[in-house]
Chemist: 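Shown below is the structure under consideration.
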Amino acid sequence: MEAPKFVWEGAIPLQIHLHESQVTTLPPPPPALILAPRIGYLPLLAPLIKPYFSSTLPPGVDTIWFDYNGLPLKWYIPTGVLFDLLCPEPERPWNITAAYIMNGNCKNVMNMSQSDQLELWHSVMNGNLEAYQRVSSKLKLATVDDEYASLCLQKSQQSVIETDLPAQAKTGRVPVRLYVLSVSKDFDDLDEIPRVDSWEKISYINRPVEIRKEDKCFTLHDALKILLPELFLDESLMNVKLGGVDLEDAVRNSNEDVTSDKVVEDQGQNACKRPEACRISSSAEIKLIRIQGIEPKLEIPFSWVANNLLNPDYFLHVCVCVKVAQ
């Protein structure tokens, strides 16, 4: 499918400023402009950044650290997830600050040959999907049956009236990392969301989601109910106010890290759209959901999301903004 290709080609324009404490020359160096892969990690940009600032750095530095508006950026969260989480109103270029420290090192130990490990690492650094698929296939990691493809096949053959799926489909488990930003004030525009100045304002949930394929399509809405069971009311999805964009448009726009608010006619393919407000309890509502820069419909098949929007670490990173009562 084309979706993974668009995800891997997705990039975020960065304007990286050297922290003032690191500057040893006058005038200070201009910011570095870099196009960072969404599926990559900020520390992987170090080889590109250090030579740019090498003439102004103090001697002996070897490890880089990033922050945004004074908030340290966690190195193990993918760059695209950081952007989705901290910039509800997308900032382009994204202005972040780089600082270097004197020591500190990290080495991943993987049960692979050294050549495969290097190829896998470089594929992520360079955003090379073909190289990644070639080496990651040796890990023999499982995928789940794609209900989206099944729905499209059913539609093309016009062999069924409803979107229910056969009961014999296999069950799959998808590792999910959910990032929940809770805000107390309501907002209509994304730029009204309060700035995140502490990671304590972000809740984390690491939990596998088991896709139970019984007699109906298992959707993103179903997955969120598993991840946040204490929040969702037992109500029909018909009561959820939704508006959005076509799936192919949404995936295509993620390549430019842009989402559309254009409302399109639903063509029965469980496409993506942005949840304007999803009531999940008497005191909370989901205001924003982002995965790989896409703001998906809640009724999109979760298997499609899992098979097409996973990061190279084989986790599905989901950013959610929830309005809670004061």
Side-chain angles (χ1 to χ4, degrees), residues 7 10-23 28-50 52-53 56-57 61-101 104 106 124-125 127 177-185 187 189-205 254 256-259 287-295 311-313 315 317-323:
V7 168
I12 298 171
L14 300 180
Q15 185 164 267
I16 303 175
H17 304 263
L18 186 63
H19 194 275
E20 57 183 11
S21 65
Q22 307 285 300
V23 177
L33 298 175
I34 293 178
L35 201 60
R38 268 191 152 271
I39 50 84
Y41 300 81
L42 289 176
L44 298 182
L45 302 177
L48 299 177
I49 299 172
K50 188 173 181 179
Y52 189 86
F53 294 130
T56 64
L57 288 172
V61 297
D62 60 3
T63 304
I64 194 171
W65 190 261
F66 298 91
D67 72 72
Y68 173 61
N69 287 333
L71 178 69
L73 300 177
K74 296 183 180 295
W75 63 268
Y76 55 83
I77 297 180
T79 304
V81 178
L82 288 170
F83 184 74
D84 292 344
L85 192 62
L86 301 177
C87 295
E89 179 63 35
E91 175 185 326
R92 300 184 183 85
W94 189 22
N95 285 275
I96 62 177
T97 301
Y100 286 80
I101 57 179
C106 175
V124 176
M125 290 179 62
R177 286 181 177 169
L178 186 70
Y179 309 81
V180 182
L181 171 62
S182 299
V183 296
S184 57
K185 295 182 179 180
F187 58 88
D189 298 320
L190 296 181
D191 57 6
E192 297 176 359
I193 298 179
R195 180 171 61 88
V196 178
D197 55 9
S198 171
W199 284 105
E200 294 181 356
K201 296 182 178 180
I202 306 294
S203 301
Y204 304 90
I205 298 176
S254 71
E256 303 172 355
D257 205 26
V258 178
T259 55
K287 301 290 289 186
L288 179 67
I289 300 173
R290 276 195 184 147
I291 306 173
Q292 296 288 8
I294 299 171
E295 298 170 14
N311 270 71
D313 58 5
F315 275 86
H317 296 262
V318 182
C319 300
V320 178
C321 180
V322 177
K323 176 189 173 295

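These numbers come from the heavy atoms of this one structure, side chains and all, not from hydrogens, waters or symmetry mates.
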Chemist: Hey, are the side chains of D197 and L71 touching, using non-hydrogen atoms and a 4.5 Å cut-off?
Modeler: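 With C-beta onward as the side chain, the pair stays apart.
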Chemist: For the residue pair C87 and Y68, what are the closest heavy atoms and their distance?
Modeler: SG-OH, 3.7 Å
Chemist: With L288 as reference, evaluate V320, L190, V322 under the side-chain contact (heavy atoms from CB on, under 4.5 Å) test and give the passing residue.
Modeler: L190
Chemist: Consider side-chain contact (heavy atoms from CB on, under 4.5 Å). Of I64, L14, I77, which one does L42 pass it with?
Modeler: L14
Chemist: Would the distance check show the side chain of R290 and the main-chain N or O of P88 forming a donor-acceptor pair, the cut-off being under 3.5 Å?
Modeler: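 Between the backbone of P88 and the side chain of R290 there is a qualifying donor-acceptor contact (under 3.5 Å).
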Chemist: Taking only residues two or more places apart in sequence, or in another chain, which ones meet E192 in a side chain to side chain donor-acceptor pair (under 3.5 Å)?
Modeler: none
Chemist: Check whether any side-chain heavy atom of I39 lies under 4.5 Å from a side-chain heavy atom of Q292, and answer yes or no.
Modeler: yes
Chemist: Taking all heavy atoms of R38 and all of G293, pick out the closest pair and write down the distance.
Modeler: NH2-CA, 3.2 Å
Chemist: Measuring only between side-chain heavy atoms, which start at C-beta, is W65 closer than 4.5 Å to W75?
Modeler: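 Result yes, sub-4.5 Å side-chain heavy-atom pair found.
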Chemist: Tell me the closest heavy-atom pair linking P29 and L18, and the distance in Å.
Modeler: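 Answer, listing the atom of P29 first, then L18: CG-CD2, 4.1 Å.
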Chemist: Angle between ring planes, Y204 versus Y179, binned at 30° and 60°: parallel, tilted or perpendicular?
Modeler: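 Perpendicular: the ring planes of Y204 and Y179 meet at over 60°.
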Chemist: Is there a donor-acceptor pair under 3.5 Å between the side chain of T97 and the backbone N or O of H19?
Modeler: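 Not at all, since once roles are kept as given, no pair shorter than 3.5 Å links the two residues.
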Chemist: Can you confirm whether E89 is buried at CD, in the sense that more than 12 heavy atoms of other residues, nucleotides or ligands lie under 6.0 Å from that atom?
Modeler: yes
Chemist: Would the distance check show the side chain of D313 and the main-chain N or O of F315 forming a donor-acceptor pair, the cut-off being under 3.5 Å?
Modeler: yes
Chemist: So L73 and L86, do their side chains get closer than 4.5 Å, heavy atoms only?
Modeler: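 Side chain of L86 against side chain of L73, heavy atoms only: contact under 4.5 Å found.
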Chemist: Quick one: does Y76's side chain have a donor or acceptor within less than 3.5 Å of a partner on Y41's backbone?
Modeler: no
Chemist: Under the salt bridge (charged side-chain N to carboxylate O under 4.0 Å, His left out) test, which residues partner D67, sequence neighbours left out?
Modeler: none
Chemist: I'd like to check I193 versus L181 (side-chain heavy atoms, cut-off strictly below 4.5 Å). Are they in contact?
Modeler: yes
Chemist: Which atom pair, heavy atoms only, marks the closest approach of T79 to P37?
Modeler: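 Taking T79 first and P37 second, the nearest heavy atoms are CB-O, 3.8 Å.
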